[in-house]
Structures are given as structure tokens and as C-alpha cells.
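See structure below.
We count residues from 1, following the sequence as given. Since the structure is predicted, the reported quantities are computational estimates derived from the model, not experimental observations.
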Amino acid sequence: MADGISGDTAFKRRYTAGGTDGFALVTVSGGATCTGVPDGTYRDAVTGDTRTVTDGGLTVAAPGKGNMRVYVLNGGGKTGADVPYLK
């Protein structure tokens, strides 16, 4: 899904099957702006940051080389402990 994405290395994905409806926004080594996304609460699986989307758009910063952000709709938040490569 490249529509509604600005950013060098960024994408959005939706997964639906049975009663599951999941949505994720991913950006690597730079920020991204995503439009046309479902409203709701997004949590970054890398940092635990929480954002609320009410207008179908989300702007994410991933400053520096190799940084990644994975915002998941209704996600659980940060998936690991702080270590040298995950902060």
C-alpha cells in the first residue's frame, strides 16, 4: 500500500481474517506521514510511544540511520527491554 505514504522507507499494512483486523505503520531511517489510516490508538512496538489518530493521518519521526518505528493500531506497546540496539 504505497498510497497515502510519504517517506523514503515507509509502508502501511492491513491484515484482516475472521474476526482479526490489524493495521501497522512502519518507517525506517527517517520519518513518514501516513494518510488514509483507521482512526484509533496506535502504539509503537519499538519505543512504546502512543498516538491517537482522529483524522485519518499519522506523522512519525524515526531520526537517524537505522532507526525504526512500528505503530500498531490497538497494539500492546513496546515489545522488548532496552538493550544497545533497542531503545
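Side-chain atoms of Asp39 come within 3.5 Å of backbone atoms of Gly56 as a donor-acceptor pair (strictly under, hydrogens ignored). A distance-only check finds a donor-acceptor pair linking the side chain of Arg51 to the backbone of Thr59 [under 3.5 Å]. A donor-acceptor contact shorter than 3.5 Å links the side chain of Asp44 to the backbone of Val70.
When side chains are defined from C-beta on, Asn74 does not count as touching Val72, because their heavy atoms never get closer than 4.5 Å. Looking only at side-chain heavy atoms (C-beta outward), Thr9 and Thr27 stay at 4.5 Å or farther from each other. In this structure, Asp49 and Arg43 have side chains that are not in contact, with every pair of non-hydrogen atoms separated by 4.5 Å or more. Proximity of Val37 to Val53: side-chain heavy atoms (C-beta onward) are separated by under 4.5 Å at one or more points. Looking only at side-chain heavy atoms (C-beta outward), Phe23 and Tyr42 come within less than 4.5 Å of each other.
Looking at residues two or more places apart in sequence or on another chain, you find a side chain to side chain donor-acceptor pair (under 3.5 Å) between Asp21 and Arg14. Shown here are the side chain to side chain donor-acceptor pair (under 3.5 Å) partners of Thr35, two or more places apart in sequence or in another chain: there are none.
Note: Thr33 OG1 to Leu58 CG = 8.5 Å, rounded to the nearest 0.5 Å.
Minimum heavy-atom separation, Leu73 to Pro38: CD2-CB, 4.1 Å.
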Exercise for the section: Verify side chain to side chain contact (heavy atoms under 4.5 Å, CB included) between Ile5 and Lys12, making sure each step is shown before the conclusion. Expected result: CA-CA 8 Å; Ile5 290 282; Lys12 56 185 178 178; 4.0 Å; yes
Exercise for the section: For Thr50 and Thr41, run side chain to side chain contact (heavy atoms under 4.5 Å, CB included): C-alpha distance rounded to whole Å, both residues' side-chain angles, the deciding distance at 0.1 Å, then the answer. Expected result: CA-CA 7 Å; Thr50 299; Thr41 301; 3.5 Å; yes
